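None of the values given here were measured: they were computed from a predicted structure. First listed ligand is number 1; within each ligand, the first listed atom is number 1.
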Amino acid sequence: MPGTVIIGAGHGGVQLAASLRETGYEGRVRLISADPDLPYHKPPLSKSFMKTPDAPLQPLRGEAFFDQNDIALDLGREVVRVERERKRLICSDGSALDYDKLVLATGTRARKLTVPGAELDGVHSLRTAEDARALRADLPGARRVVVIGGGFIGLEAAAMLAARGLSVSVVELAPRLLGRAVSSITAQTIASYLEGEGVSLHLDTAIEAIDGQNGRVTDVRLSDEVLAADLVLVGVGAEPMDELARDAGLVVENGIVVDEFLATSAPDIFAIGDCVSFPQVHLGCHTRLESVQNATDQARSLAQTLTGTPQPYAALPWFWSDIGAVKLQIAGLAREGGETLATRSDDGQVKSVYHLAGGQLVACETLNSAGEHMLSRRMIAEGITPARTVLETGDTAEIKKAYAAVKNF
Ligand SMILES: Cc1cc2nc3c(=O)[nH]c(=O)nc-3n(C[C@H](O)[C@H](O)[C@H](O)COP(=O)(O)OP(=O)(O)OC[C@H]3O[C@@H](n4cnc5c(N)ncnc54)[C@H](O)[C@@H]3O)c2cc1C
């Protein structure tokens, strides 16, 4: 029996292989990845990996783990076609592989910028270890960096590069940073922090072109200004890698569409992680999330299904981002038109932003306040909302007391 084949050895794929073994799955497990590196943590690529020229990749599991758990690891191999009728995969080297159950854990690719000059040398994106190595290798000759896009990856890299003494500008099309991922008060706090670190922000600004000389970037042309650039980092979002599913006739809409058990529209084919549009119980609609939590929790949930104890996927989303010295953590999902409550620490800095919908706590953003983040995760998951007057204090001990009082009621 060919067993379970997982396409993609990122956060979701590797966790699934591990969880299958932990839950007693006895069939064969094969992990295939187009990426040639031993599976690694992606978040450090825009953080600690940029700090020093020789910071190593952080492996998700040691090499021995795969052997010890009888997981076949097929690195540097790309699957180009799924033949559903024959339950067979075709790889780019022409080889074929059979499967009993197939899991698509293919993640996302960096969205490309479509302005003239986007293909010049010195213009980078950041999604894989190979991208990160290329960017890092280009840093020694650079003094002025332009980051295009004010999302998490761009801002993490901007803070890191500014700390390395580079002159960094961030250009963002929207009037504020971080799109709708966080409240405007959190976005403003992060903007002020970055400016304090010497990063120059150009909001509400479109890129007209990237100019170069001898094939290498020299400038980024904005509508009203030209920014000199030795290096450009494009961080304008990611797109789901859903072509295999689409070509195989699976339902795809903003990612591979799955049900609450992470099953696709085709029998014996499942999908997890960044590439998936799943029914989000907390929002009551299908959504796609890009986070380590979502990929690994979906993997754990699918392992239960594949070993005969299916549970609908219902984990509370949470996320973190390290933007220089600011640790931003988000629990839950904010709702359109909800209410926000911001708290501040003694020095006047924003510490947390609570999101309420219909009086119910649904999400919380914290800045360097890990205890409050953990507490808010518990409260949201358990549907507990302390009184507004208590939340407004931002005093973790007081909020904890109120939470305990409701729980023990
Ligand atoms: C620079 C960076 C920083 C990040 N920081 C954070 C953070 O701070 N916090 C957070 O929660 N999340 C962060 N993320 C997001 C997080 O890494 C992703 O949400 C997570 O990796 C998703 O896991 P996944 O398994 O769905 O996909 P991935 O980990 O992307 O893995 C997908 C794998 O599929 C393989 N693949 C795709 N197509 C094929 C094919 N046809 N054949 C064979 N193999 C294929 C790819 O090579 C890849 O190995 C960051 C991401 C990046 C890039």
Subject >> W320, W318, F49: member with heavy atom nearest to atom 9 (N) of ligand 1 >> reply: W320

Original post:
atom 21 (O) of ligand 1: which protein heavy atom is closest, and how many Å away?
Top reply: H11 CD2, 3.1 Å

Original post:
Do we see a donor-acceptor contact under 3.5 Å between the side chains of R21 and N69?
Top reply: no

Original post:
Just checking, is any N or O donor in the side chain of T296 or Q15 under 3.5 Å from an acceptor N or O on the other one?
Top reply: no

Original post:
At a 4.0 Å threshold, what atoms of ligand 1 neighbour a non-hydrogen atom of G8?
Top reply: 33 (C), 34 (O), 35 (C)

Original post:
Would you say ligand 1 has an N or O under 3.5 Å from any N or O of Q293?
Top reply: no

**OP:** Quick one: pull up CH2 in W320 and NZ in K327 and give me the separation to the nearest 0.5 Å.
**Re:** 7.5 Å

Original post:
What are the atoms of ligand 1, with element, lying closer than 4.0 Å to any heavy atom of K47?
Top reply: 5 (N), 6 (C), 7 (C), 8 (O)

**OP:** Tell me which part of A295 gets within contact of ligand 1: side chain, backbone, both or neither, using heavy atoms under 4.0 Å.
**Re:** side chain

**OP:** Measure from atom 39 (C) of ligand 1 to every heavy atom in T106, V80, D37 and give the option owning the shortest one.
**Re:** T106

**OP:** For V79, counting its heavy atoms only, list the atoms of ligand 1 lying under 4.0 Å from any of them.
**Re:** 40 (C), 41 (N), 42 (N), 43 (C)

Original post:
To which of V82, L289, D274 does the heavy atom nearest atom 19 (O) of ligand 1 belong?
Top reply: D274

Subject >> Contact atoms of ligand 1, heavy-atom distance to S291 under 4.0 Å >> reply: 11 (O), 12 (N), 19 (O)

Original post:
Among G235, A34, G76, which one has a heavy atom closest to atom 43 (C) of ligand 1?
Top reply: A34

Original post:
Short N/O distance, under 3.5 Å, between G12 and ligand 1?
Top reply: yes

**OP:** For Y313 and N294, test the side chains for any donor-to-acceptor distance below 3.5 angstrom and give the result as yes or no.
**Re:** yes

Original post:
Which atoms of ligand 1 have any heavy atom of I7 under 4.0 Å away?
Top reply: 40 (C), 42 (N), 43 (C), 44 (N)

**OP:** List in chain and number order the residues that pass side chain to side chain contact (heavy atoms under 4.5 Å, CB included) with K87, two or more places apart in sequence or in another chain; answer none if no residue qualifies.
**Re:** Y99, D268

Original post:
Considering only heavy atoms, which of I153, L60, L75 lies nearest to atom 2 (C) of ligand 1?
Top reply: I153

Subject >> salt bridge (Lys or Arg N to Asp or Glu O under 4.0 Å) against D93, all qualifying residues, sequence neighbours excluded >> reply: R77

**OP:** Check M241 against ligand 1 and report side chain, backbone, both or neither, counting heavy atoms closer than 4.0 Å.
**Re:** side chain

**OP:** Using a strict cut-off of 4.0 Å, indicate which atoms of ligand 1 neighbour a heavy atom of S46.
**Re:** 1 (C), 2 (C), 3 (C)

Original post:
Can E398 and T393 be counted as having a side-chain donor-acceptor contact under 3.5 angstrom?
Top reply: no

Original post:
Looking only at side chains, do Y25 and T4 share a donor and an acceptor under 3.5 Å apart?
Top reply: yes

**OP:** May I ask you to check whether T108 and E239 show a side-chain donor-acceptor distance below 3.5 Å?
**Re:** no

Original post:
Taking non-hydrogen atoms only, is L244 closer than 4.0 angstrom to ligand 1 via side chain, backbone, both or neither?
Top reply: side chain

**OP:** Going by the side chain to side chain contact (heavy atoms under 4.5 Å, CB included) test, name the single residue among T205, D219, V171 that passes it with L227.
**Re:** V171

Original post:
Taking atom types as modelled, is there a side-chain donor on T343 or S352 under 3.5 Å from an acceptor on the other?
Top reply: yes

Original post:
In terms of residue, atom name and distance, what is the protein heavy atom nearest to atom 11 (O) of ligand 1?
Top reply: V292 N, 3.1 Å

Subject >> Ligand-side contact atoms (ligand 1) for residue partner A105, heavy atom cut-off under 4.0 Å >> reply: 32 (C), 33 (C), 34 (O)

Original post:
Looking only at protein heavy atoms, which one is nearest to atom 49 (O) of ligand 1, and how far off is it?
Top reply: S33 OG, 3.1 Å

Original post:
Would you say the side-chain atoms of T189 and T186 include a donor-acceptor pair closer than 3.5 Å?
Top reply: no

Original post:
For ligand 1, which atoms, with element, lie under 4.0 Å from some heavy atom of G273?
Top reply: 26 (O)

Original post:
Can any side-chain N or O of R30 pair as donor or acceptor with the backbone N or O of A72 at less than 3.5 Å?
Top reply: no

Original post:
Would a search of protein heavy atoms around atom 15 (C) of ligand 1 find one under 4.0 Å away?
Top reply: no

Original post:
Looking only at heavy atoms, is any part of R77 under 4.0 Å from ligand 1, and if so is it the side chain, the backbone, or both, or is it neither?
Top reply: backbone

